[in-house]
Every structure is written in structure tokens, then in C-alpha cells.
Amino acid sequence: MSRCASERRQCRPYRGSACLILAVGIVGGITSEANAQTAPLGQPTAASIIGQVPANSPLSTTKVDNSPRFALVPSVRTVYETNTLGYVEVRGPRDNVRVTPGLDLNYRRQFGRVALGVSGSAGYDFNSRFRYLNQRRIDFSGSAQAPVGAVCSFRTQANYDTFRYDLNDTQAQVGSVSTTQVYGVSASCARGAGFSPVGRFNFRSLSSSRTHFFDYKQYIGNLGVAYAQPSIGTVTLSGTVAKLHRPFLIELTGVNDDTDVYSLTLGLSRSVSPRVRISASGGITKADPKRRGVAGFAGASYNAEVDWSPIPRFTVSGTGIREVTNQNGISATYVIRENYGLSGTLQVGGKSNIRLSGNRSRSDYRGEDLTPSLLPVRVDRFSSVSSSYSYNLSRRLRASVSLSHRWRKADNPLYDYTSTALSSSIGANF
């Protein structure tokens, strides 16, 4: 059953000047790898629910203090992809050029002891072949952090994203637009040595423009205690409860497909040397689906990151994660996902860097039998390799070009695909 069935007339090739658009995009120099190409797993991923592993490399040389207080920069991003729809049953040409002109915003300000920050971009996608995919693309995030007393701090964060579903990793209707909102608060009382409490709460919601079948609301709460000792690093014991609620699914089908996920983890974060840092956590995770006939899950979960800088300008990072997640655009009650990545970044000079990366993931979808009209994926394996080069044109402008190749192998061959993307962009250097 093709996901393009309802859009068959719109899937006809568009005889536009695709080659001319591609040439203009590349010669114009366009990039920022994270925004220029489709993310391997499609939709943005919320903070991990199984540990306290930092999201960014601790060896990163980016300095917030060096950022301008306010920057509003025009941007252009171009992506040429050989298989835009990522679907085996699409007939005819599948390649496409997407051009996204827009604006990048960065604002940072210190009000006394309170630090505020807002960053993001807004633009509009123009597609050379699949014009029904033309639409707005918005990605903004904001945060506020303030100290409480001598050692404690409080942080709030909000994210808003609007973009089309990544057709490589979803069964949603072709051309459907998703809006994701994430709000979170966290508090900690970090000490140089001794015990301290940690805690956070996140709310995440997803809504679709064409069908509410995949809409959800997710609540995540985490509480724990950390023990810091210079000789061993920081050890954290924490418990997490995540609740997924699908309100529209209950209204449409009368079936409660909610899922509760519970985790107990023990983590360690330590700088082994000035050039090596590790952050790892492991524990037990349990998934409790509310729908009858869907089996639960109880097993090991982990989240680890290692950063090694053999020379000041070269950093290697490795990551590994196994988690139970219920953030997905698949007709599954929950997903057991494993993901492993390796990347290397070389600072060529003061203004440019080269990055190489590889990623391998495996997803086990549980409870896909709720919608007979959608064929199950069961288990899939996703791999990707990419390379990029970026150059800082000025303090506020960065240009880059990247090349990536990804492929998917599923138990159901209907969802197998391969795709290569060449992207370029010019935009804000935050």
C-alpha cells in the first residue's frame, strides 16, 4: 500500500529548472549541516529519559560569551536528494531540490543574575519536483537560567518546531506538517564535593496538519541525587517516569493506546584526563502499555558518550544509547531503540572545520496492529554516513557544504530505501 496513493496526481515529476536551482544553491555557498539535510531519524528527539548524559560534547570550543547579543541574518539552504520520499513504491523520478530562504535569529542577554537566550530560524521550502511539499519551516528555542542561593540553579527551556514529516521514518500522510512543542524546567545544586539533588520535568506535544492519528502529549519527570568527588567524578542515581497520552486516538477509535515508561539509572560523568571525558549511565527500564494485547517490556537501558581530543584541534566522539521511547510517527504503541554513533571534527584553521560521522540505529516497533490500513514495519535498521566542511565568512555568517548517504532495511521490505543528499547553506554563525 503506497503512502502516495492519496497524492498520486501530485507525485508526477515537475519539469522545472532543478539543475539550475542546484547550481545556484551550491555556488552561493549554503550550509549548517544540522539544518541543511534531513535528520537520520526524522523528527527532533527530546532529552533522553534514561540518564543525565550531556547533549553536547564537553570538549566543544564554542563560547557563549563570544556571541553577539542580537543577530538577525538572512539565510539560504539548499538540499539535493536522490530519493526524497524514501519509499519503494514511488514510480518515476524520486530526486528533488529543496531551497529554503529564511532568517536566522540569535539573542542573548544577561539581566543581573538571569541569563536569557533565544535562537532559531524561519523559512519556506520550495521544492523543484514535489511541489505539494512546499511549506513553512520554523525552528526556535529559548531558555532562561538563574541561580538560587549560593550553589543551586534553576533553568527553563522551550522549543517550537514546524516542518513536514520526514517520510523516511513515518507512515503519516505525504505532505503532512507536524508541529512539535517542548517545555521543560530543571533544577540542581551542584557541589564540588558531596551530595546534591537533581530534578527536571518536560512536556512534549506533537500535532499533525492533516490527520490527528499520530498526535500525542508526553510528560516526563525525573528526580535523583548526585554525589561529586574530584577523584571519581560525579555519580548520579535517578528515577524517571514518562507518560504518553494519545487523546485523539481515543476519540477516533475508542482504544486507549497510552504507555507509561519507568526507568531507574545509575550514571557517572568524569574527566579522565584533560583530553578524555566520559559520561555514561545504565539501568532498568519498564514499558507498561495500556492497550490490551500489546506486550510490555522490561530490560536494560543505557546512554554513554566518550569524547577524546588527541590534539587540540581534533575531537573524536562516540555515543551509544538503548532506550524505550514513545515519540514516533509510526503506528506503534512504543519503540525499543538502539543507536550508535561515531564522529570526528577537525579544526582546520581559525575559521573552518571538517566533520565526518557515521550512525547506526535499530528500532523495534511494538503494537503496530491498531491500524489495519497501515502495513507493519516490525523492526528496521538505519545507517548513515556524512561529511561536511564549514567556513566562517565573518563573526555572524557561516557557509558550508555537506554530503550524506543513508539506507534503511526493514523486516517489511516495503519500507526499504537508500538516499544520497548533497546540501549547502549560508546562514548565521551562532
Side-chain angles (χ1 to χ4, degrees), residues 25 28-39 42-47 55-57 60-79 98-127 133-146 155-164 166 177-186 202-207 209 351-353 355 388 390-402 423-430:
I30 322 180
T31 353
S32 185
E33 180 185 6
N35 294 319
Q37 65 187 44
T38 306
Q43 304 169 29
T45 304
N56 299 319
S57 167
S60 172
T61 57
T62 303
K63 300 295 184 183
V64 175
D65 295 338
N66 293 335
S67 301
R69 283 188 175 182
F70 178 81
L72 185 63
V73 180
S75 63
V76 183
R77 294 178 172 86
T78 297
V79 180
R98 187 186 77 226
V99 179
T100 307
L103 290 173
D104 292 350
L105 168 68
N106 186 35
Y107 175 77
R108 300 183 186 279
R109 187 70 184 271
Q110 189 84 20
F111 295 93
R113 302 177 67 190
V114 178
L116 298 179
V118 178
S119 64
S121 63
Y124 194 87
D125 291 347
F126 295 92
N127 293 270
L133 296 180
N134 293 353
Q135 62 193 36
R136 68 187 183 278
R137 181 179 293 263
I138 301 173
D139 179 7
F140 279 96
S141 63
S143 64
Q145 185 168 352
R155 178 182 176 87
T156 62
Q157 188 167 357
N159 299 80
Y160 179 90
D161 303 294
T162 297
F163 57 95
R164 72 172 173 82
D166 184 350
V177 179
S178 68
T179 299
T180 303
Q181 300 180 62
V182 181
Y183 305 97
V185 295
S186 61
N202 284 348
F203 168 77
R204 179 185 178 96
S205 68
L206 180 143
S207 60
S209 62
K351 294 185 176 182
S352 62
N353 68 71
R355 178 180 173 83
S388 67
S390 64
Y391 183 82
N392 295 336
L393 300 173
S394 67
R395 188 181 67 172
R396 298 190 180 186
L397 278 178
R398 171 181 295 169
S400 64
V401 62
S402 64
S423 58
S424 58
S425 76
I426 182 168
N429 177 21
F430 293 156

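These numbers come from a predicted model, not from an experiment.
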Distance in Å, Ser143 OG paired with Leu116 CG, rounded so as to fall on 0.5 Å steps = 7.5 Å
Between Ser423 and Val79 the two heavy atoms that sit nearest each other are CB-CG2, 3.9 Å
How long is the gap from CZ on Arg155 to OG on Ser186, to the nearest 0.5 Å?
-> 6.5 Å
What is the minimum heavy-atom distance between Phe140 and Ala122, and which atoms define it?
-> CE1-CB, 3.9 Å
Taking all heavy atoms of Tyr183 and all of Ala158, pick out the closest pair and write down the distance.
-> CD2-CB, 3.6 Å
Spacing of Asn106 atom CG and Arg69 atom CZ [to the nearest 0.5 Å] | 13.0 Å
Under 3.5 Å: donor-acceptor pair, side chain of Asn134, backbone of Asn127 | yes
With sequence neighbours excluded, what pairs up with Tyr124 under the ring pair (Phe, Tyr, Trp, His ring centres under 6.0 Å) test?
-> Phe126
What are the two closest heavy atoms between Gly427 and Ser75, and how far apart are they?
-> CA-CB, 3.8 Å
Consider only side-chain N and O atoms of Ser390 and Asn353, and report whether a donor and an acceptor are under 3.5 Å apart.
-> yes
Hey, what's the ring geometry for Tyr107 with Phe70, parallel, tilted or perpendicular (30° and 60° as the breaks)?
-> perpendicular
If you take all heavy atoms of Leu103 and Pro74, which pair is closest and at what distance?
-> CD2-CA, 3.7 Å
Rounded to the nearest 0.5 angstrom, the CG-CD1 distance for Leu397 and Ile426 is 5.0 Å
Output the distance between atom OG (Ser141) and atom OH (Tyr160), rounded to the nearest 0.5 Å.
-> 14.0 Å
Non-neighbouring partners of Asn392 that pass side chain to side chain donor-acceptor pair (under 3.5 Å), sequence neighbours left out = Arg398, Asn429
Only one of Asp104, Asp139, Asp125 passes salt bridge (Lys or Arg N to Asp or Glu O under 4.0 Å) with Arg77, and that residue is Asp104
Taking every heavy atom of Thr162 against every heavy atom of Thr179, the minimum-distance pair comes out as OG1-OG1, 3.5 Å
